[in-house]
Amino acid sequence: MVIAGLSHTYRRRRVLDGVDAAFGPGVLGLLGPNGAGKTTLLRLLAGVLRPRSGRVEALGHDLRTRAGRRALRRDLGYLPQETRLPPDMSPRDFLDYIGLLKGMPDPRERAHQAEDLIRRLGLAEEADRRMGTLSAGARRRTGAAQALMGRPRLVVLDEPTAGLDPEERVRLRTLLASLDDACTVIVSTHLLDDVKALSPEIAVLARGRMVFSGPPGDLVADAPRPDARSGRPSLEEGYAALMRTVREEE
Ligand SMILES: Nc1ncnc2c1ncn2[C@@H]1O[C@H](COP(=O)(O)OP(=O)(O)OP(=O)(O)O)[C@@H](O)[C@H]1O
């Protein structure tokens with residue numbers, strides 16, 4: 001994934017401002033305060049929005065072109081921030097349907113992958129119930145499962161752990177951590193626990209600018225120690241110190 005000079009405006013309001021980044025396979029955690037532009041960035045990386053200023057290349061496809069955005073879809077799993085799942089379908093039927101849309105012709109392979117995701121995301125009890133009757137957490141996990149059907153090479157998840165209870169969050173993180181090494185996973189989150197558990201690399205977006213990228217340890221290393229008695233600063237302290245610096249620079 002290569003992002004160069006990427007900016008985005010909504011009705012002349014600039015929400016991404018010259019973002020540069022490059023990353024490869026593995027899990028990247030995208031952090032940032034509310035309104036920082038994370039969802040906008042993920043929509044651009046998933047080819048849902050067209051980059052109008054700057055360049056995005058994903059899995060070798062140039063996402064400035066319609067052909068590039070289309071070609072990416074074959075290899076993409078995407079969980080948007082807001083998802084509406086068909087209320088009358090069950091998670092199992094929905095996953096089967098998504099598998100079909102993603103070009104998996106073999107019904108046994110679709111059933112096998114759906115069953116595996118259902119089990120690993122703790123959806124066994126809900127798998128055959130109407131999605132309209134499920135809890136928000138079960139719907140969110142079904143949303144994450146659909147993104148992983150077909151074993152895509154690029155997975156873009158917009159706050160997948162939002163609304164999940166601690167056990168469900170751990171399940172989802174464990175699943176993401178176990179994906180194929182060749183898979184590039186980009187996860188936005190407000191939870192520092194998510195990135196601690198998941199991400200060897202993090203990126204922090206603030207007011208449309210990429211203000212940090214690297215291993216979480218580097219964010220911590222840059223932070224001042226909160227007081228003389230404490231040892232190494234926590235990731236929370238590193239993040240808070242970065243946000244203070246960003247505000248002071250403005
Ligand atoms: N479709 C849109 N039209 C106009 N403005 C938008 C649109 N989508 C987002 N915005 C604005 O762009 C800015 C960035 O929003 P975005 O959702 O990308 O941020 P975010 O970091 O994902 O925020 P959050 O953490 O709250 O989800 C916000 O000020 C938001 O109000």
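Residues: numbered from 1 along the sequence shown. When a ligand or atom number is given, it counts from 1 through the structure's own listing order.
Close approach of ligand 1 to Glu159 (heavy-atom distance below 4.0 Å) involves ligand atoms 25 (O), 27 (O). Here is the list of ligand 1 atoms found below 4.0 Å of a heavy atom in Ala36: 19 (O), 20 (P), 21 (O). If you number the atoms of ligand 1 from 1 as listed, the ones under 4.0 Å from a heavy atom of Val15 come out as 12 (O), 13 (C). Heavy-atom contacts of His190 reach the following atoms of ligand 1: 25 (O) (cutoff under 4.0 Å). Within ligand 1, counting atoms from 1 as listed, the ones closer than 4.0 Å to a heavy atom of Gly37 are 14 (C), 16 (P), 18 (O), 19 (O), 20 (P), 21 (O). Less than 4.0 angstrom separates some heavy atom of Arg13 from each of these atoms of ligand 1: 11 (C), 29 (O).
Residue Arg11 has no N or O atom closer than 3.5 Å to an N or O atom of ligand 1.
There is a side-chain donor-acceptor pair under 3.5 Å between Thr39 and Gln81.
Nearest protein neighbour of atom 18 (O) of ligand 1, counting heavy atoms only, is Thr40 OG1, 2.6 Å. Of the protein's heavy atoms, Thr39 CB, 3.5 Å lies nearest to atom 17 (O) of ligand 1. In this structure, the protein non-hydrogen atom closest to atom 6 (C) of ligand 1 is Tyr10 CD1, 3.2 Å.
Under a 3.5 Å cut-off, the side chain of Arg69 and the backbone N or O of Val48 do not form any donor-acceptor pair. Checking side-chain atoms of Ser199 against main-chain N and O of Ile202 turns up no donor-acceptor pair under 3.5 Å.
Only the backbone of Pro33 comes within 4.0 Å of ligand 1, judged by heavy-atom distances. Both the backbone and the side chain of Asn34 come within 4.0 Å of ligand 1, counting heavy atoms alone.
Residue-environment remark: CZ (Arg129) exceeds the threshold of 12 foreign heavy atoms within 6.0 Å. Residue Arg130 qualifies as enclosed at atom CZ: its count of foreign heavy atoms under 6.0 Å is above 12. When the shell of 6.0 Å around CZ of Phe23 is examined, it contains more than 12 heavy atoms from other residues, nucleotides or ligands. When the shell of 6.0 Å around CZ of Arg120 is examined, it contains more than 12 heavy atoms from other residues, nucleotides or ligands. Shown here is Arg209, whose CZ atom has no more than 12 heavy atoms of other residues, nucleotides or ligands within 6.0 Å.
A heavy-atom separation below 4.0 Å is not found between Arg43 and ligand 1. Using a 4.0 Å cutoff on heavy atoms, Gly35 counts as a contact of ligand 1.
Distances from atom 27 (O) of ligand 1 to the heavy atoms of His8, Gln81, Arg207, Lys38 show the closest one on Gln81.
Ring geometry for Phe94 versus Tyr97: interplanar angle of 30 to 60°, hence tilted.
In terms of heavy atoms, Lys102 sits closest to Gln146 at NZ-O, 3.2 Å.
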